[in-house]
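In what follows, a single structure is set out as structure tokens and then discussed.
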Protein chains: 2
Amino acid sequence: MRKRSRKRVSRPASEALVFSFLSAADAVEARLEAALDPTGLSLAKLAVLQFLAEAKEALPLSDLAARQHCVRSNITQLVDRLEKDGLVRRRAAADDRRSVLAELTPAGQQAHAKGMRALADAQRAIVKALKAGEATSLQNALSALTS
Amino acid sequence: MRKRSRKRVSRPASEALVFSFLSAADAVEARLEAALDPTGLSLAKLAVLQFLAEAKEALPLSDLAARQHCVRSNITQLVDRLEKDGLVRRRAAADDRRSVLAELTPAGQQAHAKGMRALADAQRAIVKALKAGEATSLQNALSALTS
DNA sequence: GATTGATTGTTCATTGGTGAACTATCGGAC
DNA sequence: GTCCGATAGTTCACCAATGAACAATCAATC
């Protein structure tokens with residue numbers, strides 16, 4: 001489950017908000033990860049399956065890296081593990097001999113479905129924990145933070 | 001800088017809030033980590049230095065693990081790296097021969113001071129990005145999420 | 001005083017990330 | 001047609017974290 005424990009370096013009041021924020025995010029992430037636990041998937045793995053499923057076709061690894069917003073070497077390793085799990089297969093691309101395509105196996109499709117169901121449940125539970133009003137104010141705060 | 005790229009598995013409106021939240025947290029964390037970059041420290045390392053500095057004495061590694069909310073093996077490795085950086089020293093405990101104490105070196109004290117300054121600046125900048133009203137509503141949302 | 005159980009730190013394997021270096025291939029420009 | 005720069009994937013070393021297994025030590029309890 002790989003908890004990603006938060007450090008809360010500083011104490012003071014206003015600045016502490018930043019670490020509360022990060023700490024809350026870790027808690028949420030841990031909750032999602034825990035929800036996926038029975039499926040044997042992680043968020044990282046499920047994301048790859050989801051990209052493959054929504055594309056409805058095999059995708060080049062660099063494509064996956066772009067969608068995942070991560071470096072290519074990370075995808076190489078993720079796909080290594082997914083392949084070992086039997087959820088994904090590597091295939092050569094017809095047009096470009098540099099390219100390697102990843103495609104879902106039947107087991108991968110099933111894992112994807114199961115994982116997305118578990119994830120959706122967990123997401124709903126978390127969102128429900130925020131009363132309607134707070135959800136929108138959170139959304140404002142969020143956009144202020146990311147800008 | 002170790003960006004912790006967010007996956008945004010799902011698209012739908014309300015549930016997507018959860019991933020926006022995680023994504024915003026990653027952005028904030030990346031910003032803090034970037035602010036620490038010139039000091040050569042990471043959040044994880046700075047947190048250890050901070051615990052040692054605020055304790056004003058050498059601390060057993062298991063103590064650090066407790067404060068960091070992480071497993072002991074993680075601290076072993078973190079202190080390994082900090083020791084290699086020359087910021088921390090391992091020392092035997094007088095009373096308990098199982099215990100290993102970590103203490104700040106002079107370089108460690110300086111790095112701590114510099115790191116905390118950089119961190120505080122970055123925190124202030126981030127908090128300022130949230131107008132006063134949104135800060136409190138965020139705080140409410142936060143407590144709703146963690147409960 | 002010996003045994004038994006908890007605690008301390010380390011090591012190892014695994015997950016998930018980064019970035020640099022390398023090979024192979026692809027496409028143009030010339 | 002050849003050369004040269006961009007692109008694709010892998011490998012490697014590193015950072016950060018987890019959890020299991022292990023040796024050493026401590027603390028009771030008998």
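Small disclaimer: the values here were computed from a predicted structure and weren't measured. Below, chains carry the letters A, B, ... as their sequence lines are ordered, and counting in each starts from 1. Both backbone and side-chain heavy atoms feed into the values below; hydrogens, waters and symmetry mates do not.
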What is the distance, rounded to the nearest whole Å, between atom CG of A:D96 and atom P of D:dG9?
-> 8 Å

For A:S42, answer base if it contacts any base atom (sugar-phosphate contacts may also be present), sugar-phosphate if it contacts only those atoms, and nothing otherwise; contact means non-hydrogen atoms under 4.0 Å.
-> sugar-phosphate

When all nucleic acid strands are considered with a 4.0 Å heavy-atom cut-off, which category describes B:K45: base, sugar-phosphate, or nothing?
-> sugar-phosphate

Just to confirm, is there a sub-4.0 Å distance from OP1 or OP2 of D:dT10 to any side-chain nitrogen or oxygen of A:T76?
-> yes

Could you check A:L64, A:L101, A:V48 and say which one makes a side chain to side chain contact (heavy atoms under 4.5 Å, CB included) with A:L59?
-> A:L64

On DNA chain C, check which nucleotide each of A:R81 and A:D95 is closest to and give me the residue with the more 5' one.
-> A:R81

Can you check the A:Q77 CD to D:dA8 P distance for me, whole Å?
-> 18 Å

Check if the side chain of B:R97 and the base of D:dT25 share a donor-acceptor pair of N or O atoms closer than 3.5 Å.
-> no

Round to a whole Å and report the spacing from CG of A:D26 to P of C:dG17.
-> 14 Å

Whole-Å distance between D:dA24 C1' and B:L61 CG?
-> 15 Å

Select base, sugar-phosphate, or nothing to describe what B:V71 touches, counting heavy atoms under 4.0 Å on all strands.
-> base

B:R72 CZ to C:dG9 C1', straight-line distance once rounded to whole Å = 7 Å

Pair B:T76-B:V100, side chain to side chain contact (heavy atoms under 4.5 Å, CB included): steps then yes or no | CA-CA 10 Å; B:T76 296; B:V100 175; over 6 Å; no

Any N or O donor-acceptor pair linking the side chain of A:S73 to the base of C:dG17 at under 3.5 Å?
-> no

Can you check whether any acceptor in the base of D:dG9 is under 3.5 Å from a donor in the side chain of A:R98, or vice versa?
-> no

note: B:L32, atom CG; D:dC15, atom P; distance rounded to Å ~ 20 Å

Is it true that atom CD of A:Q109 has more than 12 heavy atoms of other residues, nucleotides or ligands lying nearer than 6.0 Å?
-> yes

How long is the span from the CG atom in A:D26 to the CZ atom in A:F19, to the nearest 0.5 Å?
-> 11.0 Å

Taken to the nearest whole Å, CG/A:L78 to C1'/C:dT14 is 13 Å

Do any side-chain nitrogens or oxygens of A:N74 fall under 4.0 Å of OP1 or OP2 in C:dG17?
-> yes

Spell out, as yes or no, whether a donor-acceptor pair under 3.5 Å connects the side chain of A:T105 to the backbone of A:G86.
-> yes

Considering just the side-chain nitrogens and oxygens of B:S99, establish if one lies under 4.0 Å of OP1 or OP2 belonging to C:dG9.
-> yes

Atom CD of A:E83 to atom P of D:dG9: distance rounded to whole Å?
-> 13 Å

